[in-house]
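One structure is given here, and the rest of the page talks about it.
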Amino acid sequence: MSSLALHVAELLAAAPDICYVTDHYLGYTAVLVRLSRVTPDVLRDLLGVAHKFVTADTARRSPSRHRRKPV
C-alpha cells in the first residue's frame with residue numbers, strides 16, 4: 001500500500017463524519033470531504049497533502065513538455 005493510500009485509510013478511520021468515499025472512488029487515492037463539517041485547519045492540511053501529491057507527479061514528468069517552442 002502506498003503512503004498516500006495509507007493516509008487515505010487513516011483519514012477514513014479517524015474522521016468518518018468528515019471524510020468518506022463513494023463506490024465510484026473505491027480503489028483511487030481520493031477522499032471526499034463534507035465541507036459543512038470540516039474545520040478550516042483540517043481542510044488546509046488536506047489541501048496541502050493533495051497539493052504535494054499533485055506537484056510531485058508533475059515534477060516527475062519531463063520538463064521539455066512544458067518548454068515553449070522557439071519563435
Side-chain angles (χ1 to χ4, degrees):
M1 183 180 282
S2 74
S3 63
L4 186 61
L6 183 59
H7 190 68
V8 167
E10 290 172 355
L11 282 171
L12 294 173
D17 56 324
I18 297 172
C19 301
Y20 67 102
V21 293
T22 62
D23 290 342
H24 178 79
Y25 291 101
L26 290 176
Y28 290 94
T29 50
V31 66
L32 301 171
V33 177
R34 290 180 179 90
L35 294 177
S36 63
R37 296 187 183 173
V38 69
T39 64
D41 290 338
V42 171
L43 184 58
R44 184 178 15 262
D45 291 344
L46 290 171
L47 291 173
V49 170
H51 182 263
K52 286 180 185 177
F53 176 73
V54 171
T55 56
D57 183 48
T58 302
R60 287 191 294 258
R61 294 182 189 159
S62 170
S64 64
R65 273 185 73 191
H66 303 290
R67 195 174 299 151
R68 288 185 174 181
K69 294 180 181 180
V71 181

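Note: hydrogens, waters and symmetry copies are ignored here, and every other heavy atom, side chains too, is used.
At a threshold of 4.5 Å between side-chain heavy atoms, the hydrophobic network of Ile, Leu, Val, Met, Phe, Trp and Tyr places V8 and L6 in two separate groups.
Taking the six-membered ring where the residue is Trp, Y28 and Y25 present perpendicular rings, their angle passing 60° and hence far from 30°.
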Please report, to 0.1 Å, the donor-acceptor pairs under 3.5 Å made by any side chain of residues 30-47, with sequence neighbours excluded.
unit_1: R34; atom_1: NH1; unit_2: P16; atom_2: O; d: 3.2
unit_1: R34; atom_1: NH1; unit_2: D17; atom_2: O; d: 3.4
unit_1: R37; atom_1: NH1; unit_2: D17; atom_2: O; d: 3.3
unit_1: T39; atom_1: OG1; unit_2: V42; atom_2: N; d: 3.3
unit_1: D41; atom_1: OD1; unit_2: R44; atom_2: NH2; d: 2.5

